[in-house]
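Comments concern the structure below.
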Amino acid sequence: MTNINYKRRQFIQYAAASTLAATIPELSFARTQGSNMTPNPSFKADVEIALNAQTADVSILPGPLTHVFKYTGKLLKGPSSTLKELPGYLGPILNFERGQKVRIYFSNQLPEPCITHWHGMHVPQPMDGHPMYAIHRDEQYIYEFEVANPAGTNWYHSHTHELTAPQVYQGLAGLITVSDEIERKLGLPSGEFDVPLIIQDRSFSSNNQLRYILGMHQRMRGFHGDVILVNGQKDYSIPVKTRAYRLRILNGSNARIYKLGWSDGTPVTAIATDGGLLEKPQNLPYVMLAPAERIELWIDFSGREPGSDVTLQSLVFGDSSHMESGMRGGMRRGMGGGGMGMMGAAFGQDEAITIAKFQITEQIGDSPKLPETLVSMPRFTLQDVTHSDRIVPIAIGMRHMSFQLNGRTFDMYDYMETEKIPVNTIQRIKIFHDNLGMGGGMRRGGRGGGMGMMMSIPHPIHLHGQQFQILSRTQIHQDSGYETVKHGFINSGWKDTVLVMPGEEIEIIKPFNDFKGFFLYHCHNLEHEDMGMMRNFYVS
Ligand code: C2O
Ligand code: CU
C-alpha cells in the first residue's frame, strides 16, 4: 500500500466521521469495508499465512462433537515453526520473529461478518482489525505488517462490531509469540519446555454444544462459564520433567478473572507481562490475570518426586461471603437494589478452581537457572510525557444499564476532542471510575442495582497500539474485595491491558508512535465491549 492510498483512506475515514457520512453513506462504511483486497507488491513478506475463519465440529468433551468457529491456518511462506496447530477449537499458534515482515491472507468463511485483531502488536491502523474493516463471507482481507514488538506473548481474535464476545466465545482466538535476539541470549526454557496455557471458561449443553446465554446478570457482569478449558481442553494435565519451564499464560476468557497460584504454596515467579519480558523476575504469592492479559511464569520442578503433581489454581478472591464482616464496606450493604441476582459476587470466586495439573513424570539432572536480570526497560516518568499539562481521561461510567467510557458508547468513526492524540507523542492517561457527580456517601450507599454494581465490577481496560507502563495505582475509596487481590498486580512491565478494580484509579504512560488513524481503547470484558464500552483514539 502506498502512502497516497493510506492518506486517502485516512481522509475517507475522517470525512466519514463528519457529516459527509450522513449524506453519502457509501463513503463511510462501504469504502473502508473490503479495503486491503490485494497484496502490496512492494511489501516483501518473509512470512505468508492463509488464515480462515470458519465453522467446524471439534472434539472438546467426551461424546458428541462441538460446533465451533475456528481459525485454520496454512503456512504459504516462511520457517516451518511459524504455525503450530493446537487440537480443539483454538486457532494455530503464530510464532513470529521480531523484524519479520508478515502477510496474512485472512478469509471469512463464516455466515456473518468478521475481522481479526492482533492484540498487543504495534501495527498500522488498517492492519489493526478495527471493526470498520469487517469483511463478509467469502471476502478476503490482507494484512501486511512488520513485527515491531520485542519478544513476548500476544494473541489474535475477532474484533467484529457487536459480535466480538460471541465470536471469541465460539472459538475465534489464537496465540502469537514473538522472539528476538535478546531473548535467545537469556537461554530461557524453549521447545517442549516452553508451554502455552490459554485459559478460557465455557458452558456446554447436555449434547456438548457451547452455551452462551445472557440474562441481565451475565450481561452486566460478563459471561462466566462453569467449565475451564486450557488450550481448548478440559481437565488439562501435562507431563513434566524435573527442570525449569516457561509458561506463557493468556486469559482468553470473555469476562472471568483468575487469581493464579500454585497448589503447594510455591510463590509465582513472573518473567513477562503483556508486552514482553520484565527487567528481572518477580515473585508474588499469586498473580491476577484479567481477560486479555498475559503473564509468563518460570516454574522449576527440580527436586520434585516423579509421580507427584502440582496444580496451577485460581484461588478464592472477591467480595463474597468469605470476607470477614468487618472488611465488608458499605458498598455491599448499599447494593440492596437487588433483583439482579448478583449481589453476593459482583466479582470474584468462591472456591479454588483447578486450571492445569503438572504431573512430574521424569527425573532429569539438568535445568537452566533463572536469570537474575532479563531485559533492560527504560522507565517512563512524567518528564517523558509530551504535553506535561495534559492528562487524557478514560472515565468508566454507566448509564441506562450500559457501561460507557468518557460518557459515551462506541460509534464507529466517532471521537471527541479529548480522544485526539498527536502522533509520535507520549501521553499520560488516567483511568478512573466516573461517579457521575455523586458524593462519597451516596456512592457507598448505592442506588438500586446500577450504581452499586457499577462501582463493584472490575474492568480490564485495553488500549490498542503500543504497550504502556503503569505510573500509579490508587485506591480512591475502599472496596471490600481489594484486600484479596492486591498482592497480585505487576506494575513494572509493559502492558496493553490493565485491570481497574472497583474504587481504583490508575495512571499510565503510553507512546503513540509511528501510525496515524483510529486506535481503539475498550473494556476487554467482551460483553462490556460489545455493549459499547469502547471508543476511538484518533491519532493524527
Ligand atoms: Cu483484544 Cu480491541 O482487543
Ligand atoms: Cu468492563
Side-chain angles (χ1 to χ4, degrees), residues 1-10 13 32 34-53 71 73-79 81-83 91-108 114-135 139-159 172-180 274-276 294 423-424 462-467 494 496 510-520 537 539:
M1 174 186 33
T2 66
N3 263 332
I4 293 169
N5 275 339
Y6 182 63
K7 289 236 171 63
R8 182 174 303 141
R9 188 172 295 115
Q10 292 300 305
Q13 282 153 6
T32 46
S35 40
N36 289 75
M37 310 272 285
T38 48
N40 169 8
S42 66
F43 183 89
K44 302 284 177 232
D46 305 302
V47 168
E48 288 193 312
I49 296 167
L51 191 73
N52 290 351
Y71 283 116
K74 191 162 174 247
L75 184 65
L76 307 175
K77 179 182 181 186
S81 57
T82 305
L83 229 75
I93 298 178
L94 307 180
N95 297 306
F96 294 144
E97 185 73 30
R98 186 175 198 173
Q100 258 175 353
K101 287 189 165 161
V102 176
R103 177 179 290 131
I104 298 171
Y105 298 86
F106 172 59
S107 154
N108 180 9
C114 190
I115 195 69
T116 299
H117 166 58
W118 320 98
H119 181 123
M121 306 290 284
H122 178 45
V123 299
Q125 108 124 52
M127 305 302 152
D128 195 44
H130 191 287
M132 72 170 79
Y133 297 118
I135 53 170
E139 286 182 338
Q140 178 174 260
Y141 193 98
I142 298 177
Y143 294 92
E144 291 164 340
F145 57 83
E146 184 170 333
V147 177
N149 291 56
T153 305
N154 296 295
W155 65 304
Y156 62 102
H157 59 78
S158 79
H159 215 304
L172 291 188
L175 202 73
I176 297 175
T177 74
V178 177
S179 44
D180 64 15
D274 302 341
R294 286 87 69 206
V423 70
N424 296 325
H462 169 51
L463 289 78
H464 285 215
Q466 274 176 296
Q467 301 281 327
W494 291 109
D496 58 50
K510 176 175 156 62
F512 290 80
N513 290 332
D514 308 325
F515 306 126
K516 296 181 180 180
F518 285 95
F519 288 90
L520 297 164
F537 281 129
V539 182

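Keep in mind that this is a model prediction, so the values were computed, not measured.
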Candidate pair Q125 and F519, rule side-chain contact (heavy atoms from CB on, under 4.5 Å), full reasoning: CA-CA 7 Å; Q125 108 124 52; F519 288 90; 3.8 Å; yes

Intermediate values then yes/no, side-chain contact (heavy atoms from CB on, under 4.5 Å), E139 and N108: CA-CA 6 Å; E139 286 182 338; N108 180 9; 5.6 Å; no

Derivation of the side-chain contact (heavy atoms from CB on, under 4.5 Å) call for L94 and W118: CA-CA 11 Å; L94 307 180; W118 320 98; 4.1 Å; yes

Stepwise side-chain contact (heavy atoms from CB on, under 4.5 Å) check, Y105 with L76: CA-CA 10 Å; Y105 298 86; L76 307 175; 3.8 Å; yes

Steps toward ring pair (Phe, Tyr, Trp, His ring centres under 6.0 Å) verdict (H122, H464): CA-CA 8 Å; H122 178 45; H464 285 215; over 10 Å; no

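Once rounded to the nearest 0.5 Å, the distance linking CD of Q466 with CE of M121 reads 12.5 Å. One finds the CG atom of N149 at 12.0 Å from the OG atom of S179 (value rounded to the nearest 0.5 Å). With rounding to the nearest 0.5 Å, the separation of CD1 in I115 from CZ in F106 is 6.0 Å. Interatomic distance, T82 OG1 to Q100 CD, rounded to the nearest 0.5 Å: 6.0 Å.
No side-chain donor-acceptor contact under 3.5 Å links W494 to the backbone of P150. Between the side chain of D128 and the backbone N or O of H130, no donor-acceptor pair lies under 3.5 Å. K77 places no side-chain N or O within 3.5 Å of a backbone atom of D46 that could act as its donor or acceptor partner. Not one N or O on the side chain of E97 forms a donor-acceptor pair closer than 3.5 Å with the backbone of V178. When atom types are taken as modelled, the side chain of D180 and the backbone of A151 share a donor-acceptor pair closer than 3.5 angstrom. Looking at Q467, its side chain does come within 3.5 Å of a backbone N or O of G120 through a donor-acceptor pair. The closest donor-acceptor contact from the side chain of R103 to the backbone of A50 lies at 3.5 Å or more, if one exists at all.
Nearest heavy-atom pair across A173 and W155 is CB-CZ3, 4.0 Å. The two residues P131 and L520 come nearest to each other via the heavy atoms CD-CD1, 3.6 Å. In terms of heavy atoms, P124 sits closest to F145 at CD-CB, 4.3 Å. Across A53 and L172, no two heavy atoms sit closer than the pair CB-CD2, 4.2 Å. Across all non-hydrogen atoms, the minimal contact from L51 to I104 is CB-CG2, 3.9 Å. Between T38 and I142, the closest heavy-atom pair is C-CD1, 3.6 Å.
Using a 3.5 Å distance cut-off with no hydrogens or angles, the side chains of N95 and S81 do not pair a donor with an acceptor.
Judged as a side chain to side chain donor-acceptor pair (under 3.5 Å), and not counting sequence neighbours, N424 has no contacts. Under the salt bridge (charged side-chain N to carboxylate O under 4.0 Å, His left out) criterion, D496 pairs with R294, sequence neighbours left out. Evaluation of the side chain to side chain donor-acceptor pair (under 3.5 Å) rule for Y71 yields T116 as partners, not counting sequence neighbours.
Judged by the 6.0 Å and 45° rule, K101 forms a cation-pi pair with F43.
The six-membered or imidazole ring of Y143 lies near that of Y141, with a centre-to-centre distance under 6.0 Å. A ring-centre distance under 6.0 Å is found for H117 and H157. Centroid-to-centroid, the aromatic rings of F518 and F537 stay 6.0 Å apart or farther.
H159 is not listed as a side-chain neighbour of H119, based on a closest heavy-atom distance of 4.5 Å or more. Within the 4.5 Å cutoff, the side chain of I49 has heavy atoms near those of the L83 side chain.
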